[in-house]
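Just the heavy atoms: all of them, side chains too, but no hydrogens, waters or symmetry mates, feed the values below.
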Amino acid sequence: MKPEEIQQLAQQKYPEILHEKESETQEGTDFIRAIIEEHMKSGRFGGRVHTRFPPEPNGWLHIGHAYSINWNYSIAQEYGGKFNLRFDDTNPVTEEEEFVQSIIADVKWLGADFEDRLLFASDYFEQLYEYAVQLVKKGLAFVDDSSVEEIREMRGTLTETGRNSSYRDRSIEENLDLFERMKAGEFPNGSKVLRAKIDMTHPNLLMRDPIIYRILHATHHNTGDKWCIYPMYDWAHGLEDSLEGITHSLCSIEFEIHRPLYDWYIDQLEDENGNPIFHSQQIEWAKLNVTYMVLSKRRMIRVVNEKFVDGWDDPRMLTVAGMRRRGITSEAVRNFALSVGVSKREKLIDMSTFEYFIRDDLDKRCSRVMSVLNPLKVVITNYPEDIEEQITIQNHPTNEEKGNRQVNFARTLYIEQEDFMENPPEDYYRLAPGKEVRLKYAYFITCEKIIKDNETGEIKEIHCTYDPETKGGVAPDGRKVSGTIHWISANHIIEAEVRLYDRLYTKENPMDTEEGEDFTDCINPDSLTVIKSYVEPFLKDVEPGSRFQFERNGYFVVDIVDSTKENLVFNRIITLRDSWAKK
RNA sequence: AGUCCCAUGGUGUAGCCUGGAAACACUCCAGACUUUGAAUCUGGCGCCGGGAGUUCAAAUCUCCCUGGGACUACCA
């Protein structure tokens, strides 16, 4: 009996044994799922999983956010739960509607389905205010007239305890009155704040009577001028999660130290029936960083403002908009994000890992086409001048469903400059004087002559002969050639602008700078090269955003911003792996 | 310097709770195959921060040390 037959038989007769074995050998899971599994067992959330992505609408999303979105969404999916998109818009001064729209578009593009749960912290302002009143009534919050400087000074330091504010003992009635008048707009910005009454000697600075509300006479993108007091993030965030019934609130590690405060707030509050309010579980994880990239918002803004790149959607940026324009698929981003895994240690992922997932996805989905990026003219001297052949080629080497297309072959062609060398090294597979190579899908050709410019010595064209017996690329006599190169018929081309993108930074970790250096010092001056190239004519009719593999050249996308029928623009998404170039 | 968090190949993640020959992915290096120097397939290199202790046995438990990070906004 063959092993597979034994396997099959066992599968039929004793499926439970095999199943058991499988679960035994199952790899461990990440710490977040482990926590969720615990909750599933204990029944803490009644078997419910509800996650969320809570951006502040003050900038563009980048791959780090995409990582968070993908994890939040896929964890919810995995447990049959839900995922919310919630804007943490508690600071009217920094936030804009423009970012709300771009973030919604980005999240949708990433494929995280928040259904009808597009939510705003600002929609909870009333509830948040009532919670604050509740705290005041319990004697757990007070209005403080101290200045910013006084509050800072009395907070203490990392090693010294703080001191109580002289307003800390105001009566509940006075606090209630003052807080209401703060809300009513009686006081100017900065004149008063509402503070929680916790412990000024607490080792965690965030617990030293944190500010809950500040006065801000400003117009909010969502609530307009309705409010002039705004909740602080620490007050709002945990309560938003609570209000939405978020079970597992994932956030980055720097908020770990905030968790005791969120927990404290939630534990003090009760609903209209006097029951404790819903208590989410916050879980902190480490952010994603990628080599040869800078993801901090502040620095990305500089790169844009100082014109190192052409805007937020520049294909060299790892913003979601930039990746989309670059032609990277959301599936690649998702596969990458999930493969990285979650943990609490600082991570700096190799760019090559991301590149692997980009190619992995593109390879499967992209039809192959012929292009010549840097043309070199080739004349097949023994090919008739008045003939043109139609060659049928498969659009994808392994996926026949992608169909076929016709390509013209004629006497005058272009090949890649790189594919010809006058004095090649020993292990050069491509065309050289006296050498025979295969024109992919077409014929074997042999280089007979080089035509040079008389003055510059530059190679202008090369003359080859073809073997008519090798049509289709196979020699009836069985002889082999070491190289196969791509080509394009000179009479059947259109010119396209091709933008070749390379890494934005030349250093693995641009933030690792010497004294007096700036991360912008290692910006790659050659991160963008624009050339005019020849591509197959049918490409002028494809939709912007369409992706192709230019055979042997890499993956390219029709630019969604600049490309038109008249002026076709391709972005190079990524090169093919090239084990030859490495040597 | 107080409180908290983190430490496994080059990179990232499992293994740690419940001690028993350190696994997976990417990278890198070989080779096979190839009408893309691609893809695919096969093989290989390479890791438990340090020191004590407990134990027949420690990546795993205990203690100490070292290194890295977060926190001193009326930002999020």
- With sugar-phosphate meaning primed atoms plus P, OP1 and OP2, does A:L576 contact a base, only sugar-phosphate, or nothing at under 4.0 Å between heavy atoms? base
- Task: Please tell me which of the listed nucleotides, B:U36, B:U13, B:G37, lies nearest to the side chain of A:E551?
- Result: B:U36
- Item | Value in whole Å for how far the P atom of B:U3 lies from CE of A:M207 | 16 Å
- Message: Does A:D350 contact B:G10 through a side-chain donor or acceptor facing the base, at a distance under 3.5 Å?
- Response: yes
- Does the base of B:G37 carry an N or O that pairs as donor and acceptor with the side chain of A:R552 under 3.5 Å? no
- Please, what dot-bracket string fits RNA chain B when only Watson-Crick and G-U pairs with both distances under 3.5 Å count, crossing ones use [ ] and pairs to another strand use |? .((((((..((((......[..)))).(((((.......)))))....(((((..]....))))))))))).....
- Message: Angle between ring planes, A:Y466 versus A:F409, binned at 30° and 60°: parallel, tilted or perpendicular?
- Response: tilted
- Task: With the side chain of A:I151 defined as its heavy atoms from C-beta on, choose the nearest nucleotide among B:G2, B:C74, B:A76.
- Result: B:C74
- Are the side chain of A:H396 and the backbone of A:D363 linked by a donor-acceptor contact shorter than 3.5 Å? yes
- Task: Specify whether A:F255 and A:Y233 have parallel, tilted or perpendicular ring planes, treating 30° as the upper limit for parallel and 60° as the lower limit for perpendicular.
- Result: tilted
- Message: Could you check whether A:H258 and A:H237 have their ring centres less than 6.0 Å apart?
- Response: no
- Look at the side chain of A:E160 and the base of B:U72, then say whether one donor and one acceptor between them are separated by less than 3.5 Å. no
- Message: Donor-acceptor check, side chain of A:K183 to backbone of A:I229, threshold 3.5 angstrom: yes or no?
- Response: no
